[in-house]
Amino acid sequence: MTVTVTWYLVLAAALFSMGAAGVLIRRNALIMFMSIELMLNSVNLTFVAVSKHLGLIEGQVAALFVMVIAAAEVTVGLAIIVAIFRFRSSANVDELSELRG
Amino acid sequence: MQGGAWLPIAFEVVLLVGALAVLLVAVVAGRDRRFWGPAAGLAFAGAALAGVLQWREVSTSGAGLFFTAQGVSFAKSPMVVMDGLSAFGAIVLGLVGFVGFLAAWDLVAKVGRRGPELVSLLLLSLAGLHMMMATPNLVVIFLGLETASISFYVVAGFLRRQKGSAESSFKYFLLGSLASALFLYGVALTFAATGSLTLYGGNSIRDFFSSTIVTQPGILLAGMALMLVGIAFKVSAAPFHQWAPDVYQGAPTGAVGFMAATVKIAGFAALARIFGAGLVSQVDTWTPIVAVLAAVSMVVGTVLALVQSDVKRMLAYSGVAHAGYILTAMTAGVAGVPAMWFYVSTYAFMVVGGFAVLSTVSGSDSSKVPLDDLKGLVKRSPEMGWLMTFVVLGMSGMPFFAGFVAKVFSFVTATAVPAPWPANDHGYLWLVVLGVVMSVVGLAFYFRIIGTMFSTPDDQAELQEAGLPVRFAVIVSAVITVAFGIVPWPLIEAVRDAFPI
Amino acid sequence: MTDFLWLLVALPLAGAALNLILGKRIGEPRSGWFGFGLIAISFVIGFGASLGFFAGTSNPQTIYLFSWIPAVGADAAILWDPLSALLTMIVTGVGALIHLYSIGYMHGDDRYPRFFAFLNLFIASMMILVLASNFAVMFVGWELVGLSSYLLISFWFTKPEAAAAGKKAFVVNRIGDWGFLVALMLIFMTFGTFDFRTIFENAPAMFGVGAGTITAITLLLFVGAAGKSAQIPLYVWLPDAMEGPTPVSALIHAATMVTAGVFMMARSAVLFELAPVSAGVVAVVGTLTALLAAVIAVAQTDIKRVLAYSTISQLGYMVLGIGVGAYAAGVFHLTTHAMFKALLFLGAGSVIHALANQQDMRKMGALRKAMPITFITMAAAWLAISGMFPFSGFWSKDEVLAAAFARGGAWLILYVIGLGVALITAFYMTRLFAMTFLGSSRWDEGVTPHESPRTMTVPLVVLGLGTVFLGLFNTPARHAFEHFLEPAFSGVEQVEGLSIGLISTLAVVAVIVAIVGIIIGLRRYNTEVLPDETGAFWRRALAAFGVDDLYGRFLVAPGKAVADWWASVVDPKVVDGAVHGIAKGAIGGGERARAVQSGQVRWYAAVVAIGAVALVVFLLVLGGGF
Amino acid sequence: MPVLLLLVGLPLVGALVVGILPKKRPELVFPVSLGASTASLAVALYVLWEFEAGTPALQFIEDLRFSTILDMGWRVGVDGISLFMVVLTAILFPISIAASRSVTDRVKTYMILMLVLEAGVLGVFVALDLLLFFAFFEIVLVPMFMLIRLWGSDNRRYASMKFVLFTAAGSAFLLASIIGLAVMTGAQIGTLASFDIRNVLAIQLSGTAQLLLFLGFAIAFAIKVPLFPFHTWLADAHTEAPTAGSVILAGVLLKMGTYGLLRFNLTLFPEAAVRMAPYLAILGVIGIVYGAAVAIVQPDVKRLIAYSSVSHMGFIVLGMFAFTTQSLQGSVFQMISHGLTTGALFLLVGMIYDRTHTRKIADYGGLATVMPVYAGLFLFAAFASAGLPGLSGFVGEFTILVGSYLSFPVMAIVAGSGVILAAIYLLWAYERVFTGATNPKIEGLKDLDFRELAIMAPLVVLIIGIGVYPKPVMDRVEPSVELILDRIESATTYQVPLVGRSSAVVDIEYGEFDVHEGGEG
């Protein structure tokens, strides 16, 4: 049994879905955030797999870019989360619903 | 490299230099806005000027693709494109950015020492936004998108002590990241299906379609759909709009105009770039979806705006509806680009102007602006009241205001090209009918705003005079709203050439 | 003289305008004299222009003034023929007298100049009606006399009854006008013009006798005439119109305006000739009106209401004349009636004036001595309307009845009824006369009757002379009047004349009938104590058999109920209900959608995800990805 | 000289000048506004004077094409129909402005709105470009909305919003239709869209397309007219609007609807117009009877007049779709006449409202004793409105009825009953307000002053003038109307009824005639 590119793609899709599900299901801001990171990484997996399969370098470069961006996002994201939840006992996002309607 | 070769990236360079300069000046000369403010203004103006130069270059010498880093195989694909779309976008972004910056001037004063940071974030975001429309490479588009988005997450939460601002920021960040991830996955899937990340140039997606007959389009279609989701989210098209009202309401009023306006410009330009130009061969597949998004946006935006009591939310929902009208133009495929440009470029000024007025009424650092704040505005400050009236009339699509021509242009475009689904020669006529009906329903809340502004104020006190830059921003917005309503043809002729190659 | 005919309209109109605008400055007696003078001049002009017809030397002519509504070919133009000449003389002649009378009668009224302005306006309107050379312009006059009538009936508008009466007159007239209007539409469709001459010249060639179109036109014209000339079923406004000042009643509601219907039908004689069915309807309605009004008149106690019903009844005669094809006779009765009825009203006015505005005949009596001139002139009028030989009423009424008789067959029924009406007429007029001038005095305390001033008695005398002698112009022996009118009825077959012997017999019968009526009346009312008149018949007749109530209950009330229902249910609930429903739907939808916007970021994310999935699926379906 | 640009532009210039007048000189606002609108009137009169009668051609054409993609531009001109609409508008505005002396609150804003409104309405009547027409048609909403919203009476919020939403709902269909039409036209001449009415006239439309577009246009105009059952906005808007607002609403704004029907529905879609004519005519007739009947039972004078407008406008629509030269001329004439008479009535109601601040009929009684001149003028206006011959209302209604009968006899007969109902509601209202004993509440009111009389004078003169001598109007309207009928006849199989063309009206001879020879015909 050879591991074809399809496997990678399916795995990535599964990871992506798991990440998305995490965002939807979890209440903790940090974990939601991590789920998003998971989604980004699953995309990276796709990039790299496809890149390898097609013998192109673009995908791998793209993955690098994505990693950088994810890092930036983490920085800012964590800062925001900290700013919000500094004065709160929990990191439950459901409590953040003052703006609505 | 020769001097002229910088031109394709001049816009970004100017802004980046400007951002650095602001921070440097603040460090060197002091954090008072008088010192670094001019530098920021200069950067915005310079960016607009860069756009003008690009435009001139494009119209005399023609558009072109540009390869930057050379030597690696990666560089077979172009990274920068300078064409009508990007040049016109640069002008609009530069001007809107400049006006938006002026509108935020009072906010800058409020945040005190942190002013330079705020402004440099704005400068950076603008650079990112232009990257989205000035590249044929999907990853670079994502890069630009994230550059802008991350800046905006921070701007939205800039007043971190305010509960609204913080919540707004968090929501924007979380949902924005989700949408970005979706977009990125779309890019990846497209890459998987076509083997290319470039829209055109050598070995591009366009080439792929011209040389290959796609038999199993599943992955490609999913990729397209996800990219569309990402962009729809950014331009706040329903059903991906839900962040917009919350974010706009929570974010500091002085900066909302900038955020809301510029992101729409870039979002629609990117849509034109990716779908209009890149995926032009798939046009029959994606226009129906765009039509559905347009329809849902118009209805949801309008109906929800009807029942709002907060002006910021009202304008946010109205923005959703406007996204629908603009998407209506894009249902014509790449032929919709001129109408899209006309709409976006005029609407952007209305948004900036509208929020600028709100910031003078309720304070540039306010997060909620109940409708009652506008009560008797015309009496309390005739200048702001009348200008806001013009802006709101412009948004409502009243004739002799730019919004009207924009709508007509958009609707005309949508009916001028035969539609694939449901297949007929009259384009998306149903969408146009829905559009005009929704425009009427929308009048209910636009006129409610106007009626409130003209009613007798509870508070007889004159409104505190806003700062000159803010007033200037409002005046410019209103003048553009009126001018392109009465004399729309220069802009119409200009947007004809604002095509992607 | 015919070059100045336009002055017949212009002069009174100018008088009206001046009195209306500058009346206050002109002042009390002068504005009256001014109005009177203009009408007198008009009379002179009209008389002068008629001389040619008297002499039989002039032909009828049409005089173009200006183009009015070119789209329907309606020009302002004058048709000057003996018929219009006759009416011109009646209107300006009687009009002038009544202006003169009013100078005294209206003395002391706050709005004295305005009264004369309205009277002048009326004369002008009437002249438009009479002189019109086409149906459209005639309709203008037709409506304008309605306006003047409205203004004059409700002249004392502070009395609610007067105001209501004016409105009622106008509205009921408008119902008739509706018929007239429809007739006009049909006329235009049929002939492509409104011009009398063109129509009357072409109609006989275009249509045979009994043609449906012409029948329809004439019936509709009759509806109009029934409104203006107070025929069944539209007569109800006339008794109420007595709320107006008495000179108004005399001029408008006795002598002139109410005869407009008769005039109009006489003018359209050519058409009625072509429509025997319509003529029959006209004759029957006229007869029945004459009968009904006469019966009601018997029981009235208000002197003016007696005269009002009497007018309706006499109009019935005229209409009968038209119906039986005796157009000249109808017009002749119109002429004599104008004299004696105006006289009766003015006399009554004189009495009312003398008794300090008392109109109830039960409180009159024995005025013979106090008001000799009024008494004598009234006596002439009484005998004339009763049909006594040789007063004018005798000749003209006889002509109409004789014409009905001459048609023979079923028409004899009409003749018999007409004769019966003559009997009743003689009776109730005697009743009126006796209750007023004879018997014992039943005046209110403190009232001392006196003869009226000169301005009021002079008209009485002039009209009295007319009442006595006018009939002699048209005896069966010498039909001077009919010859005079002949050019106006060219193309119309007049009823064959009867032999002198038969006519004499009919005349004798008529006179006997009149005498019987007078004797019964005198025996019953020339007494010290009035007979008891409280029986069922008297009560019902006094209430005019409740026709007004019937109209109110079966026409006005349901109509108002429908309008109310429309205004209070259909408009706000149905029409606006739908609108509000849509608005509520939109806002309700918005409110519901607001709930979706819960503020929960996880929910938003879910929506984004669901949307993304939906989009992917949609695109896959569209693009054939499955 | 661009006369029509001047015509439309002068009020705008006036509005600008008013806008920049110094706050310290409030006394200048009124004369400047009046001056601007009077200047526009002068231009309108110049146009009337220079207008060449006897031709259906458009005159004073200005044609500036601005854009090649969207073929739109400043394309204006007048023909016999729009000419009088322009003049009517230009007359009513100075009068309304003069009648607004009692406005004390925010006079400057008020006058600016009035002048903008004037420019908008004038623009509607001169526009020859569909988009330009629509633009003016729609922009009128804004100042009118504000006039009602700001200077209206108690229920003004509801009324103003209802006005906007009703009319805008109509214009939604109009805009959709215009866009559809413009795109189809554009496809023929090779641009994205063309709004030039001359290009639009040249294209061929399929039956279905005609019908749909016709309906789109018709709904918009029917709401504006307003045709039953779209009339409910009118009662509220008229009632709540300030005096000048009511005058303009009834006087000229409603005419935009009927003008639109005439200018676009009949001209652009003759086939559909012929097909739909009976239905629209029926709606017109229903409006006549319904409006009049509802007017009878209104307890409020302004509402009463508002409903009477529904009735009168029904006549216009009936005449319009009867397709005879008489009915069409009558319709145009009635538009003018209704503007004058209803304008006069609203002005008069406004004058008494200024004194008593009530519009309830029940609050009055015996007013004629207190204010005789006022009563006289009111009665005059009422009779003019009720179609009394010799005044303008009659000419219009009569011509409409006579002309409509040729096509729709039954409807014309039913419509004729409107004259009875008109007499009832007006005279009954007059009776309750003016006659009887004087209500103590209104004793001691001052009769009209010189200014008020001066405001009424031109209307009175015009009502009598064109009632007695309508020929100058008719002569100018006729060719344009005939052209419409020519178009309908050439585009469809429809034939105008026999005497429904002016050429078929019999010529009349005048003079002496010898009865003894000619009598038997």
Legend entry - Parallel, tilted or perpendicular: ring planes of C:Phe139 versus C:Phe180, cut at 30 and 60 degrees: perpendicular

Legend entry - Aromatic plane relationship, B:Trp243 with B:Tyr172 - under 30° parallel, 30 to 60° tilted, over 60° perpendicular: parallel

Check each atom of [X] against the heavy atoms of chain C and say whether the ones under 4.5 Å are side chain, backbone, both or neither.
X        : result
B:Val299 : neither
B:Leu293 : side chain
B:Ile289 : both

Legend entry - Cation-aromatic face contact C:Arg111/C:Phe155, 6.0 Å, 45 degrees: yes

Neighbour count >12 (heavy atoms, 6.0 Å) for atom [atom1], [X]:
X        : atom1 : value
B:Arg160 : CZ    : no
C:Trp156 : CH2   : yes
B:Lys163 : NZ    : no

Legend entry - Heavy-atom donor-acceptor pair, B:Lys171 side chain to B:Gln242 backbone, under 3.5 Å: no

Legend entry - Heavy-atom donor-acceptor pair, B:His241 side chain to B:Ser297 backbone, under 3.5 Å: no

Check: [Y] and [X] side chains under 4.5 Å, non-hydrogen atoms:
X        : Y        : value
C:Leu147 : C:Leu121 : yes
B:Phe170 : C:Val601 : yes
C:Leu615 : B:Phe240 : yes
B:Leu189 : B:Tyr185 : yes
B:Gln249 : B:Lys368 : yes

Only pairs of heavy atoms separated by less than 4.5 Å count here; which of [options] has the most with chain C?
options                      : answer
B:Glu167, B:Gln282, B:Gln308 : B:Gln308
B:Leu228, B:Asp246, B:Val307 : B:Val307
B:Leu178, B:Leu306, B:Thr302 : B:Leu178

Legend entry - chain B contact residues among residues 586-593 of chain C, heavy-atom distance under 4.5 Å: C:Ala586, C:Ile587, C:Gly589, C:Gly590, C:Glu591, C:Ala593

Legend entry - Interface residues of residues 553-571 of chain C facing chain B - heavy atom cut-off under 4.5 Å: none

Legend entry - Contacting region of C:Val596 [heavy-atom separation from chain B under 4.5 Å]: both

